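Data first, discussion second: the structure below is written as structure tokens.
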Amino acid sequence: MANVISIHSYRGGTGKSNLTANLAALIALRGNRVAVVDTDLQSPGIHSIFGFDSNADLRTLNDYLWGRCLLSEAVHDVSSSLKAETDGRLFLIPGSVNADEIARILSQGYDVSLLIDGFCEVIRKYDLDYLLIDTHPGLSKETFLSIAVSNALLIILRPDRQDFQGTAVTIDVAQQLEIPQMMLVLNKVLSRVNADSLRSKVHQTFDVPVAGLLPMSEDMMHLGSQDLFSLKYPDHQLTQELKHIAAQLMGAERAEASVTTVQ
């Protein structure tokens, strides 16, 4: 069975979609079959990072939710965005950017139970190792379900009081849902901030492991979500931290620690 990982933030603008896309790419480059699903249907956008043509007449998650197709028919192979030879594969289930589709979601909502059946079908058909869910910011019944079906929850926040307060609420909900693994990622951390002190403060505040601290990057801002940062800037400090987070999600570091202990 695939590892299902939800990437969530309490507020918008945290860099959640860029984090999700880059982690998916890095995990796929390790030889895994990875799919990303954009459940942020009110403001879908992760497709642009993979160079996916949102104007093409292709199936989306919305088509599945309205009964027009199977979810597996809304899966698109974006492995070419990896720009490398690898046994891994990368797939995308985009949300629709059609204004009428977004308006329908906003006015009617959708049957969130459909997501569970759809995810299971896609995992089986595409033999996935990982399914990454790019959630809608904040807390809603749709978000609750995405989190509830996940093996791991990665919460991204900025060093900002409002983010801290919202993250506390998110963690409380996730604990009630008994998520097996939960980690935090701090984004847009200024260079003048003492990283060790910030990491310690966040860990003490939430009692949740801090998977990584992502530095504020003008290169990321300049890229403007037009490409996968970790592939365009493979030696960048930000990319190294993204690789560190991806390794934790894959359990690589825990496995290495176990080997060291045995020896």
Side-chain angles (χ1 to χ4, degrees), residues 1-7 16-41 44-65 69-97 115-135 146 149-154 181 211 223 225-234 239-240 242-253 255:
M1 192 67 176
N3 288 302
V4 180
I5 303 169
S6 285
I7 295 86
K16 173 175 57 63
S17 293
N18 266 294
L19 175 64
T20 304
N22 279 278
L23 290 177
L26 291 169
I27 293 172
L29 285 171
R30 293 286 296 270
N32 295 291
R33 298 176 64 85
V34 184
V36 176
V37 55
D38 190 351
T39 64
D40 188 1
L41 296 176
I46 197 171
H47 56 271
S48 63
I49 304 172
F50 296 110
F52 183 81
D53 184 3
S54 61
N55 294 315
D57 186 20
L58 299 171
R59 296 294 193 184
T60 66
L61 176 59
N62 303 65
D63 290 305
Y64 166 69
L65 294 174
C69 68
L70 297 173
L71 187 56
S72 58
E73 295 173 324
V75 175
H76 306 281
D77 193 331
V78 291
S79 301
S80 60
S81 64
L82 298 174
K83 301 174 184 176
E85 292 187 10
T86 175
D87 292 332
R89 297 287 295 278
L90 185 56
F91 305 98
L92 172 67
I93 303 173
S96 174
V97 295
L115 290 178
I116 297 178
D117 294 336
F119 291 165
C120 290
E121 183 222 351
V122 168
I123 288 170
R124 286 194 302 268
K125 181 163 184 177
Y126 287 88
D127 192 24
L128 296 181
D129 298 302
Y130 292 88
L131 176 67
L132 273 60
I133 304 172
D134 184 15
T135 67
S146 296
V149 301
S150 302
N151 305 109
L153 171 63
L154 195 63
Q181 184 180 22
L223 190 60
S225 299
Q226 296 182 65
D227 203 347
L228 289 159
F229 183 92
S230 57
L231 305 187
K232 189 173 182 64
Y233 299 98
T239 298
Q240 300 313 307
L242 288 167
K243 289 180 178 179
H244 177 67
I245 298 168
Q248 292 177 78
L249 289 175
M250 292 185 288
E253 294 184 339

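In this text the structure is predicted, and so the values were computed from the model without any measurement. All values below were derived from every heavy atom in this structure, side-chain atoms included, with hydrogens, water molecules and symmetry-related copies excluded.
- For Arg30 and Asp129, the salt-bridge test fails: no basic side-chain N is under 4.0 Å from an acidic carboxylate O.
- For Asp77 (side chain) and Ser79 (main-chain N/O), a donor-acceptor pair under 3.5 Å exists by modelled atom type.
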ask   = Can Phe119 and Ile133 be said to form a side-chain contact (heavy atoms from CB on, under 4.5 Å), step by step?
value = CA-CA 10 Å; Phe119 291 165; Ile133 304 172; 3.7 Å; yes
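- Side-chain contact annotation: Gln240 with His244, donor-acceptor N/O pair under 3.5 Å absent.
- Residues Leu228 and Lys83 fail the side-chain proximity criterion, which asks for heavy atoms closer than 4.5 Å.
- Put simply, the side chain of Tyr64 gets close to the backbone of Gly118: a donor and an acceptor are under 3.5 Å apart.
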inquiry  = Under the criterion side-chain contact (heavy atoms from CB on, under 4.5 Å), I'd like the reasoning laid out for Leu23 against Ile5: C-alpha separation, chi angles, the key distance, then a yes or no.
reply    = CA-CA 11 Å; Leu23 290 177; Ile5 303 169; over 6 Å; no
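- Residues satisfying the side-chain hydrogen bond (donor to acceptor under 3.5 Å, both in side chains) test with Asn22, not counting sequence neighbours, are Ser230.
- Taking the salt bridge (charged side-chain N to carboxylate O under 4.0 Å, His left out) definition, one finds that Asp63 meets it with Arg59, Arg68, sequence neighbours left out.
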key: Steps toward side-chain contact (heavy atoms from CB on, under 4.5 Å) verdict (Ile123, Val4)   = CA-CA 10 Å; Ile123 288 170; Val4 180; 4.2 Å; yes
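- In this structure, Arg33 has no salt bridge (charged side-chain N to carboxylate O under 4.0 Å, His left out) partners at least two apart in sequence or on a different chain.
- Ring geometry for Phe52 versus His47: interplanar angle over 60°, hence perpendicular rather than tilted (30 to 60°).
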task = Begin with the C-alpha distance, continue with both residues' side-chain angles, and end with the deciding distance and a verdict on side-chain contact (heavy atoms from CB on, under 4.5 Å) for Lys16 and Asp40.
result = CA-CA 11 Å; Lys16 173 175 57 63; Asp40 188 1; 4.2 Å; yes
